[in-house]
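Take a look at the structure set out below.
All values below come from the heavy atoms of this structure, side chains included, with hydrogens, waters and symmetry mates left out. For ligands, and for the atoms within them, numbers begin at 1 and follow the listed sequence.
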Amino acid sequence: MRITLIGAGAIGTLWAVKLTQAGHSVSLVTRDHASERTLSLDGTSFTLPANQTALMQQSDLWLVCTKAYDIQAALLPYLFYLHPETLVVLMHNGMGPHQWLATQLPDAQPLLLATTSHGVCRARTGDYQHTGHGPTAIGPGNQAGHACTFIAEVFDHALPTATWKRDIFQSLWYKLAINSVINPLTAVHGIQNGELLKVDYDPIIRELCQELANVMRAEGVHTSVTEIRQQIDTVVKATANNYSSMNRDVFYQRPTELEYITGYVLQRAAEHHISAPHHQQLYQAVQQGQRHKESS
Ligand code: KPL
């Protein structure tokens with residue numbers, strides 16, 4: 001396939017390299033507008049064409065791997081070059097940008113949503129390292145996307161396992177639930193993920209899980225507080241020694257994904273007239289933490 005990959009950060013680099021190794025023609029869209037970019041993963045380097053509108057137009061697939069808050073700015077200048085039959089896949093933490101993108105695309109343009117659990121770290125040398133293997137789920141983000149089940153095989157062949165999920169929103173909601181508990185709590189308290197296993201955090205995690213269950217059920221996800229809690233605990237244990245991405249973003253005073261994680265939970269809660277005071281408090285606490293860091 002001819003693939004345009006937008007956003008060559010950690011996850012973008014992983015997929016660009018794996019899809020190239022699987023025989024696909026990958027070109028990039030990068031912020032620096034250079035005509036090529038060398039990507040390096042686990043010591044292997046590839047130089048790929050970049051920012052070439054002719055390649056964007058000829059692509060069968062656009063894979064968008066930017067941070068959620070960058071999607072609009074990254075895509076808007078190039079939507080003109082999107083062929084009406086090209087598949088668009090969004091793969092990012094959090095939820096929300098699909099709502100905006102769906103308003104920009106013709107109804108017949110296949111929109112797909114994906115979530116992945118692979119871990120990628122950046123070494124001091126600039127090389128990315130594939131540190132953890134995990135599943136990838138992909139499924140339809142609009143009506144036209146339902147016909148694109150084959151795309152899961154393309155991803156699975158490049159980097160297993162990737163599976164087609166007819167109800168991708170269910171997978172995205174569980175990932176969002178995990179991120180909306182672990183990320184803001186570890187950011188506000190300045191702790192590693194494993195600290196959340198301490199008994200002190202149990203009451204707040206319970207409240208957050210209850211609110212999540214209320215919102216998820218209203219969104220059509222069949223779930224329970226116990227199921228959500230189990231999934232969170234599994235990830236906390238598996239990543240006990242890690243700092244969450246939001247913890248690092250606050251620490252290094254970078255933009256966070258708060259708006260697309262806790263912000264999205266609050267947006268959907270408001271839509272369904274569900275109260276979510278613990279998410280609201282956490283949302284404000286992260287913002288305060290960011291302001292405090294900026295002024296210190
Ligand atoms: O996705 C993550 C993140 O940090 O953004 C988790 C799973 C919480 C791991 O830290």
(message) Can you pull out every salt bridge (charged side-chain N to carboxylate O under 4.0 Å, His left out) where at least one residue sits in residues 178-195? Sequence neighbours excluded, please.
(response) Glu195-Lys198
(message) I need the single residue from Asn247, Val236, Leu282, Val286 that forms a side chain to side chain contact (heavy atoms under 4.5 Å, CB included) with Leu185. Which is it?
(response) Leu282
(message) Can you work out which protein residues put a heavy atom within less than 4.0 Å of ligand 1?
(response) Asn93, Lys175, Asn179, Ile182, Asn183, Asn193, Val235, Ser244, Ser245
Using a 3.5 Å cut-off and no angle test, enumerate the donor-acceptor pairs between side-chain atoms of residues 21-30 and protein atoms at least two apart in sequence or in another chain.
residue, atom, partner, partner atom, Å
His24, ND1, Met1, N, 2.9
Thr30, OG1, Asp32, OD1, 2.6
Thr30, OG1, Asn51, ND2, 2.8

(message) Looking at Asp233 and Lys237, is there a salt bridge between them, counting it only when a charged N and a carboxylate O are closer than 4.0 Å?
(response) no
(request) Please confirm whether the backbone N or O of Ala213 pairs with a side-chain atom of Thr223, one donor and one acceptor, at under 3.5 Å? (result) no
(message) Suppose the criterion is ring-ring contact (aromatic ring centres under 6.0 Å, His included): which pairs have a residue in residues 101-150, not counting sequence neighbours?
(response) His118-His130, His118-His133, His130-His133
